[in-house]
Amino acid sequence: MRENGGVPPPDPAVSAVRGALRRLLGSAEAAPFRGAPLTVACSGGADSLALAAAASHVARREGVAVHGLVVDHGLQVGSADVAARAAGQLRGLGCSARVIEVEVGRGGGLEAAARRARYAALRAQRPPGSLVLLGHTLDDQAETVLLGLGRGSGARSIAGMRPLDPPWARPFLGVRRATTEAACAALGLKPWLDPHNSDARFTRVRLRTEVLPLLEDTLQGGVREALARTARQLREDADALDLLADEVRGRVEAGDVLDAVALQEVPGALRRRVLRVWLLERGVPEITDEHLRAADALVSDWRGQGGPALPGDFVLRRAHGTLLVEAAGRKPPNG
């Protein structure tokens with residue numbers, strides 16, 4: 001029998017993407033954004049088109065507007081046509097749509113440069129108070145965890161992407177890519193197949209097409225889901241440690257310095273969290289694990305040594321039992 005007075009129920013994939021979005025928007029963390037318009041970042045691919053369709057459906061029920069933003073990176077021949085088609089499909093779903101052209105630099109590699117340009121444009125162009133919905137899936141999360149493992153840059157990188165990190169919202173982190181493709185097929189949407197997604201020059205593509213299939217075969221399946229679960233567990237642990245580190249910082253910080261003697265009594269995992277946030281707030285960029293451990297040695301292994309040089313032409317020094325950051329060249333007495 002048909003439900004809803006003879007109206008057939010939606011396709012299971014369509015129900016899955018709509019349900020994922022409703023759960024995120026209905027969470028306590030998303031409460032400050034209720035009633036605000038939604039912004040969908042749409043490339044024209046299956047993930048973002050399925051997200052736009054889900055947003056349009058949910059927004060109609062909630063009585064809010066949906067704005068589609070299509071970023072044209074200009075990196076491929078015909079990119080303007082691809083962006084225009086994506087905008088057309090957004091309008092067909094009942095969303096407003098606008099194409100944003102960006103200039104992509106080359107610093108840090110093409111993928112990273114394109115991501116920086118895209119996020120900056122989306123942040124600048126979203127309506128005030130709006131969440132920006134991103135179509136990252138469980139598959140993307142698994143790839144992100146593997147990339148973090150390969151870098152060896154700590155629990156935060158292995159913890160992957162957050163479902164909600166305002167203004168960014170990622171409702172599909174528990175949804176497989178195959179589900180978004182099935183949802184598009186059920187809704188009659190025509191996703192764009194980005195040739196970059198099959199270009200083996202990109203590390204993420206090789207993870208997707210070579211590494212993960214091998215792991216799935218070797219470990220008899222479920223690897224992507226396991227990696228996503230690992231990311232969620234690590235985020236929860238890291239969030240708890242960050243709260244404890246905030247409490248520690250409140251005890252050891254005085255003005256622009258940290259009390260190195262008091263900080264020495266704190267477990268290393270908390271101590272390095274305090275140092276990392278404190279250094280970042282003082283303008284030190286791109287702190288690696290090596291930088292952080294060199295900084296920590298001024299607390300945990302103090303023998304009168306000079307402080308380490310840090311990125312951005314900064315130096316961390318210990319003077320009179322306290323830690324301070326200064327521009328390279330100024331040298332107060334150690335102590």
Side-chain angles (χ1 to χ4, degrees), residues 28-33 107-108 112 116 119-120 123-124 128-129 148 151-168 231-335:
E29 294 83 356
F33 300 93
R116 286 195 300 271
Y119 275 55
R123 184 186 290 274
R151 295 189 192 105
S153 48
R156 271 296 176 203
S157 63
I158 304 171
M161 297 174 282
R162 289 182 177 276
L164 188 61
D165 183 20
W168 318 115
R232 183 176 64 249
Q233 292 160 3
L234 281 170
R235 277 197 310 276
E236 292 168 352
D237 290 350
D239 287 346
L241 286 171
D242 284 346
L243 285 174
L244 293 173
D246 286 343
E247 295 175 3
V248 170
R249 183 177 171 185
R251 299 198 305 268
V252 303
E253 185 175 25
D256 290 333
V257 302
L258 294 180
D259 183 338
V261 177
L263 194 57
Q264 186 176 5
E265 304 303 317
V266 176
L270 294 179
R271 191 171 61 234
R272 286 186 288 275
R273 276 174 162 77
V274 171
L275 286 168
R276 183 178 182 276
V277 174
W278 181 73
L279 290 170
L280 287 171
E281 289 185 1
R282 271 142 193 80
V284 181
E286 300 176 2
I287 301 169
T288 66
D289 183 68
E290 183 179 1
H291 294 134
L292 197 55
R293 290 184 183 275
D296 188 45
L298 291 185
V299 178
S300 63
D301 191 24
W302 171 243
R303 300 187 306 276
Q305 71 269 31
L310 297 172
D313 202 28
F314 290 96
V315 173
L316 178 65
R317 302 194 184 281
R318 177 164 172 158
H320 308 296
T322 64
L323 298 182
L324 64 156
V325 177
E326 56 186 28
R330 293 181 56 201
K331 297 184 178 181
N334 289 339

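Taking OG1 of T288 as the start and CZ of R276 as the end, the distance is 10.5 Å to the nearest 0.5 Å. The CD atom of Q233 sits 7.5 Å away from atom CG of D237, with the distance rounded to the nearest 0.5 Å. R293 CZ to I287 CD1: the interatomic distance, rounded to the nearest 0.5 Å, is 14.0 Å. The distance from atom CG of L324 to atom CH2 of W278, rounded to the nearest 0.5 Å, is 6.5 Å. A distance of 11.0 Å separates CG of L241 from CG of D246, quoted to the nearest 0.5 Å.
Taking all atoms of both residues into account, the shortest heavy-atom contact from G255 to R282 is O-NH2, 3.7 Å. Here the closest non-hydrogen pair linking L316 and A295 is CD2-CB, 3.3 Å. Looking at every heavy atom in both residues, Q305 comes nearest to R303 through OE1-N, 2.7 Å. Nearest heavy-atom pair across L279 and V325 is CD2-CG2, 3.5 Å. Nearest heavy-atom pair, L310 versus H291, reported as atom, atom and distance to 0.1 Å: CD2-CB, 4.1 Å. Q264 and S300 get closest at one heavy-atom pair: NE2-O, 4.3 Å.
Residue L323 is tested with V257, L275, D259 for a side-chain contact (heavy atoms from CB on, under 4.5 Å); the sole match is L275.
Side-chain N or O atoms of R249 include none that pairs as donor or acceptor with a backbone N or O of V274 at under 3.5 Å. Remark: side-chain polar atoms of R235 are paired, donor with acceptor, to backbone N or O of A159 under 3.5 angstrom. R251 contributes no side-chain N or O that, together with a main-chain N or O of L263, makes up a donor-acceptor pair within less than 3.5 Å.
Looking at heavy atoms from C-beta onward, L243 lies out of side-chain contact with E247 at the 4.5 angstrom threshold.
Applying the 6.0 Å contact sphere to CD of E286 captures no more than 12 heavy atoms from other residues, nucleotides or ligands.
Ion pairing between R156 and D242 holds under the 4.0 Å rule for side-chain N and carboxylate O.
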Checking E236 against R232 for the side chain to side chain contact (heavy atoms under 4.5 Å, CB included) test, could you report, in this order, the C-alpha distance in whole Å, the side-chain angles of both residues, the deciding distance, and whether it holds?
CA-CA 6 Å; E236 292 168 352; R232 183 176 64 249; 3.9 Å; yes
Assess whether salt bridge (charged side-chain N to carboxylate O under 4.0 Å, His left out) is satisfied between D239 and R162, documenting all intermediate values.
CA-CA 11 Å; D239 287 346; R162 289 182 177 276; 2.5 Å; yes
